[in-house]
Amino acid sequence: MIEIYPYMELDSESAKKSGFAKKEANTFYMEAKDKDELLGIGKMKIFDSYAEFSDIFIADECFKMLGHGIGKAMLNFIERRKIYDVISRNEKISDLLKLLRFKKADEIKIDEKIEKDVYYLNLKGYFDAKCEK
């Protein structure tokens, strides 16, 4: 069974496999594992009034769609902290960002700063969406 849990620090093996730093300021990780096998890691930075969806590492191309599950878990982790503005500057994961409903923004004001050319998502109501019949 695949389980996804948040961590403030990666163990040495996970850091080596993903290429992510073991620990960074304001950074949280979501690790997806099947028993002890690492399947993927999501990396996010959380600040007082916004979060940054930084990167996703998937251990094997067979599990590429797992990125969506890790991404949803990351967004849920952020939203549960009552942070609703999320940005990403990572163009390499643009397909995943679009799947998660991020929109490309030419310019957006976040935390009294102007961010240009970023992906943006507001989480207010994101997890309340109802399926239509």
Side-chain angles (χ1 to χ4, degrees):
M1 180 168 86
I2 297 173
E3 297 179 320
I4 303 174
Y5 289 108
Y7 295 91
M8 291 180 69
E9 183 175 344
L10 296 176
D11 63 34
S12 296
E13 185 178 332
S14 293
K16 183 178 178 183
K17 282 183 180 179
S18 67
F20 297 157
K22 271 185 77 160
K23 185 172 180 145
E24 290 180 25
N26 302 324
T27 303
F28 292 84
Y29 305 93
M30 280 286 174
E31 281 193 357
K33 290 184 175 183
D34 185 5
K35 297 183 183 155
D36 289 334
E37 181 185 0
L38 177 67
L39 303 177
I41 302 173
K43 178 180 173 183
M44 63 192 137
K45 292 183 179 272
I46 298 181
F47 303 98
D48 290 336
S49 63
Y50 75 100
E52 184 173 342
F53 195 103
S54 302
D55 209 351
I56 295 268
F57 161 78
I58 302 298
D60 188 323
E61 276 297 309
C62 295
F63 299 111
K64 187 174 182 174
M65 282 308 296
L66 181 60
H68 183 261
I70 294 170
K72 284 279 200 175
M74 291 166 64
L75 294 175
N76 183 262
F77 182 85
I78 294 165
E79 193 257 355
R80 290 177 56 96
R81 278 139 193 82
K82 298 190 184 333
I83 296 172
Y84 302 105
D85 292 319
V86 185
I87 63 168
S88 182
R89 295 178 179 90
N90 191 343
E91 194 65 44
K92 293 185 312 184
I93 58 171
S94 63
D95 289 343
L96 174 61
L97 295 171
K98 291 172 188 172
L99 189 63
L100 292 168
R101 297 188 281 169
F102 279 79
K103 302 286 185 219
K104 188 74 169 194
D106 293 329
E107 185 175 289
I108 191 149
K109 188 175 182 179
I110 299 280
D111 201 26
E112 302 303 318
K113 295 188 307 189
I114 301 294
E115 296 286 347
K116 294 184 181 222
D117 201 32
V118 296
Y119 288 90
Y120 173 76
L121 178 66
N122 185 293
L123 292 175
K124 284 190 179 173
Y126 184 86
F127 291 100
D128 299 335
K130 306 280 189 268
C131 294
E132 292 186 32
K133 292 182 181 183

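Remember, it's a predicted structure, so these values are computed and weren't measured experimentally.
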So Y5 and M30, do their side chains get closer than 4.5 Å, heavy atoms only? no
What's the spacing between E112 CD and S49 OG if we round to 0.5 Å? 8.5 Å
Rounded to the nearest 0.5 angstrom, the OG-OH distance for S18 and Y29 is 7.5 Å
Please answer: with hydrophobic residues joined when any side-chain heavy atoms are less than 4.5 Å apart, are L96 and Y126 in the same cluster? yes
Contact summary for L10 and E31, nearest pair of heavy atoms: CD2-OE2, 3.2 Å
Hydrophobic cluster identity match, V86 and F28, side-chain contacts under 4.5 Å: yes
Please tell me if the side chains of F53 and L121 come closer than 4.5 Å, counting only heavy atoms from C-beta onward. no
CG on L97 to CG on N90, rounded to 0.5 Å: 7.0 Å
D85 and N122: CA distance, side-chain angles, deciding distance, side-chain contact (heavy atoms from CB on, under 4.5 Å) verdict: CA-CA 5 Å; D85 292 319; N122 185 293; 3.3 Å; yes
Below 4.5 Å, heavy atoms only, C-beta onward: do E52 and N26 meet side chain to side chain? no
Which donor-acceptor pairs under 3.5 Å do side chains of residues 68-83 form with protein atoms, sequence neighbours excluded?
{"unit_1": "R81", "atom_1": "NH1", "unit_2": "F77", "atom_2": "O", "d": "2.7"}

Which distance, rounded to the nearest 0.5 Å, do you find between the NZ of K98 and the NZ of K103? 10.0 Å
List for me each residue that meets side chain to side chain contact (heavy atoms under 4.5 Å, CB included) alongside E13, sequence neighbours excluded, and say none if there are none. D11, K17
Sidechain N-carboxylate O distance under 4.0 Å for D117, R89: no
Show me the donor-acceptor pairs within less than 3.5 Å that the side chains of residues 36-48 make with the rest of the protein, sequence neighbours left out.
{"unit_1": "K43", "atom_1": "NZ", "unit_2": "E24", "atom_2": "OE2", "d": "3.1"}
{"unit_1": "K45", "atom_1": "NZ", "unit_2": "E24", "atom_2": "OE1", "d": "2.9"}
{"unit_1": "K45", "atom_1": "NZ", "unit_2": "T27", "atom_2": "OG1", "d": "3.3"}

CZ on R101 to OH on Y120, rounded to 0.5 Å: 13.5 Å
Taking atom NZ as the centre, does K104 end up with more than 12 heavy-atom neighbours from other residues, nucleotides or ligands that are less than 6.0 angstrom away? yes
Could you tell me whether the side chains of E91 and Y119 share a donor-acceptor contact shorter than 3.5 Å? yes
From CD1 (I56) to CG (L100), nearest 0.5 Å: 7.5 Å
Would K33 and E3 pass as an ion pair if we require N to O under 4.0 Å? no
